[in-house]
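On a predicted model such as this, the values are computed, not experimentally measured, just so you know. Residue numbering restarts at 1 for every chain, and letters A, B, ... go by the order of the sequence lines.
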Protein chains: 2
Amino acid sequence: MAVTIYDVAKKAGVGIGTVSRVINKSPQITDATKSRVLVAIKALNYQPHTVAQSLARRRTNTIGCIIPFFTGFFYLELLRGIQRTATSLQNDLILYSVDNKSNKEIFLSRVLKERRVDGVLLVSLEIDDDYAEQFSVQHFPIVLVDGDHAVLDSIKVDNIEGARQATNHLIGLGYPTIAMIDGQLKSVPARLRLAGYKQALAEHGRAFDESYFVACDFAEEADGFNKEAGYVAMQRLLDLGDRRPRSVFVSSDIQAIGAMRAIRERSLRIPEDVAVVGFDDIELAEHVGLTTVKQPTTRMGQVAVDRLIAKVTCKPGLDKEFKQKLTTELVIRESCGG
Amino acid sequence: MAVTIYDVAKKAGVGIGTVSRVINKSPQITDATKSRVLVAIKALNYQPHTVAQSLARRRTNTIGCIIPFFTGFFYLELLRGIQRTATSLQNDLILYSVDNKSNKEIFLSRVLKERRVDGVLLVSLEIDDDYAEQFSVQHFPIVLVDGDHAVLDSIKVDNIEGARQATNHLIGLGYPTIAMIDGQLKSVPARLRLAGYKQALAEHGRAFDESYFVACDFAEEADGFNKEAGYVAMQRLLDLGDRRPRSVFVSSDIQAIGAMRAIRERSLRIPEDVAVVGFDDIELAEHVGLTTVKQPTTRMGQVAVDRLIAKVTCKPGLDKEFKQKLTTELVIRESCGG
DNA sequence: TTGAAAGCGCTAACAG
DNA sequence: CTGTTAGCGCTTTCAA
């Protein structure tokens, strides 16, 4: 059996309470006894049993993260930020990954009742009002990452601003016509990005033209944010013939990749014939020279964990709701010319 | 305060032992009392406190995973396999991610002493003999994923066979000359892939030609498995002028991407002028039409977790060492012609 | 300052 | 079959 606090106490000739105190850096300990205990600890190669500590302290020093493993790079980056911050704040990270929506509910209720984690991050997933209510009422720390809910803390990227940046870039470059390819309009980011697009247009006195906007509502996967959807959408735009847009803002890089293929298949050049700007800055984007809007993914993970752990440890000033929006950054490559 | 086993016992009019038994599905319980307890549990919305269970059972039902977050897709895929299998086996997953090598040691010793997880997966990381010894002696379950050590269980991909597949593909296509670009020779996979390459050559009575082999020992990052290294290496091969190889096996897709750029920069075509085959099947590979050797990444995660949890639960027949090699699969796209 | 003792919530051995 | 009790290893009053 492993060495316990009793072994240490005996060896140091003190009570277990004393040992506990030095472990927990209690100030009220003589230097003398403290060092005796420290010596014993070292000699026995003792390390506290985390599970027992958790039980006694009612604190696990662990946070959970409910996250969909659908897509690629975005989640890896995010996870890295989350993991790194958690570790630096002495917390462990339990991963709950969601394949289908029903999983999510299971994890949500487990997390709430099992008390195995001190708080939870919910990533890119919507949360029902009654669950939100439960977390809120039970004061169980939760923060939504890349998502939002009225009564819960959340941190996300400013989609509207990102879309504005992209559109303004195209406007600034002087393109006479700027189309937009969006995801399914039922998805929140899709609507937000559309709003940003419209806003930028309006700010420059340009009219929003229905025929230059195509939402991938026909798509089935990933809310329309996929390669095929982008390909099909671009074809529609190209079918406009000589009325075809001179530039296009595509609401995700992966769709943009599809769109670029559609453009090339008609022997059109990028950006000479049609300029393209994407959104996300996935790995592929760099490779194909796609100008795009980069999300501060790692940072988002970091901020989220900071906030979550602050709540767990009851840092002051946490009652006000926390709704943070991180700003995006335009990464200029070749697909827009200029 | 949350509802405990005592509340349930009282409400059901039984002892806590009985409640515990129905929770743990002990067979020796009358259906009558069992249902009484079940009713109480439902009524109180009771759920066992995981931490308390862990302490009492000396079992956390949690596995740890020490994993480097360096590169992209491979680890995401692997993690997905690991996570999914762990969940299906009722285990939680704690992520310990490593940025630099020293982290690894810290996690290794923490895991060993904190007893917070029942077992651990060590991914793509080397382990010192003395640590290996400790795990072995303490019978602390560990399995190495994408790595190996004499005294520990391991699961990895058959690199030699994969390299053979790639090389044989080129041979089968009738290319007269087949070069190889490898990672740093100090890395294990690099050596293994070289061995497979040589083996395939030998089997077909072809001589290994030094001038057609370039290891990226000059590179600094990622053991030579990076884009720039591939680019530089390919240039050397191209500098051979009209003696330049007709085809090349590149030991990683990411290097292959670099190599392809070098080829195109000299206005050479792929595969008409030089055919290339990669290794890994990263996301980019599909996009650029790179024929490559696909690793069964998700499967590897699954097998590893299965094995680990079998060890944790002391399933029979686990004393013999477990050294599994998963086979690769050639994914044929356009970069080799044929 | 320090030791003793009472939990934390649950499992499991032991009676009955 | 079921209730009681003694831990699991640690934290935290409460006295001394």
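Closest to the side chain of B:Thr4, from the set C:dG9, D:dC10, D:dT5, is C:dG9. For A:Arg58, the listed nucleotide lying nearest its side chain is C:dC8; candidates were C:dT11, C:dC8, C:dT2.
Under the 3.5 Å distance criterion, with hydrogens and angles disregarded, no donor-acceptor pair is assigned to the side chains of B:Ser109 and B:Glu105. With no hydrogens or angles considered, a side-chain donor-acceptor pair links A:Arg116 and B:Thr62 at under 3.5 Å.
As a whole-Å value, the separation of B:Ile41 CD1 from C:dC10 C1' is 13 Å. Summarising the geometry, the separation between CG on B:Leu55 and C1' on C:dC8 is reported as 9 Å, rounded to the nearest angstrom. Atom-to-atom, CG of B:Asp7 to C1' of C:dG9 comes out at 11 Å; the value is rounded to the nearest Å. Straight-line distance from the CD atom of B:Gln28 to the C1' atom of C:dG16: 14 Å, rounded to whole Å. Taking atom CZ on A:Arg21 and atom P on D:dT11, their separation rounds to 11 Å, with Å as the unit. The nearest whole Å value for the distance from the CD1 atom in B:Ile29 to the P atom in D:dT2 is 5 Å. We find that CD1 of B:Ile5 is positioned 5 Å from P of C:dT11, with the value rounded to whole Å. Between B:Arg57 atom CZ and C:dA12 atom C1' the separation is 11 Å, expressed in whole Å.
The side-chain hydrogen bond (donor to acceptor under 3.5 Å, both in side chains) with B:Asp153 is formed by just one residue from the set B:Lys323, B:Arg307, B:Gln324; it is B:Arg307.
Counting any heavy atom pair closer than 4.0 Å across all strands shown, A:Ser20 reaches a base atom. At the heavy-atom level, B:Val14 lies under 4.0 Å from the strands shown only through sugar-phosphate atoms. Nucleic acid contact class of B:Gln53 (heavy atoms, under 4.0 Å, all strands): sugar-phosphate only.
Within a 6.0 Å radius of CZ in B:Arg299, other residues, nucleotides and ligands contribute 12 heavy atoms or fewer. The neighbour count for A:Gln138 CD, taken as heavy atoms of other residues, nucleotides or ligands under 6.0 Å away, is above 12.
Distances shorter than 4.0 Å separate none of the side-chain N or O atoms of B:Tyr6 from OP1 or OP2 on C:dC8. Phosphate proximity of D:dT2 to B:Thr33: present, with a side-chain N or O under 4.0 Å from OP1 or OP2. For A:Thr18 and C:dT2, the shortest distance from a side-chain N or O to OP1 or OP2 is not below 4.0 Å.
The residue among B:Val51 and B:Gly17 whose nearest nucleotide of DNA chain C is located toward the 5' end is B:Val51.
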Next on the checklist: What verdict does the side chain to side chain contact (heavy atoms under 4.5 Å, CB included) test give for A:Asp146 and A:Val157, after you've listed the backbone C-alpha separation in whole Å, the side-chain angles of each residue and the deciding distance to 0.1 Å?
Outcome noted: CA-CA 7 Å; A:Asp146 184 37; A:Val157 151; 5.8 Å; no
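Between B:Ser97 and B:Phe107, the closest heavy-atom pair is O-CE1, 3.4 Å.
A rotation axis mapping the C1' atoms of four pairs onto the next four is fitted at both ends of the helix from C:dT1-D:dA16 to C:dG16-D:dC1 over five pairs, and the angle between these axes is 40° to 10 degrees.
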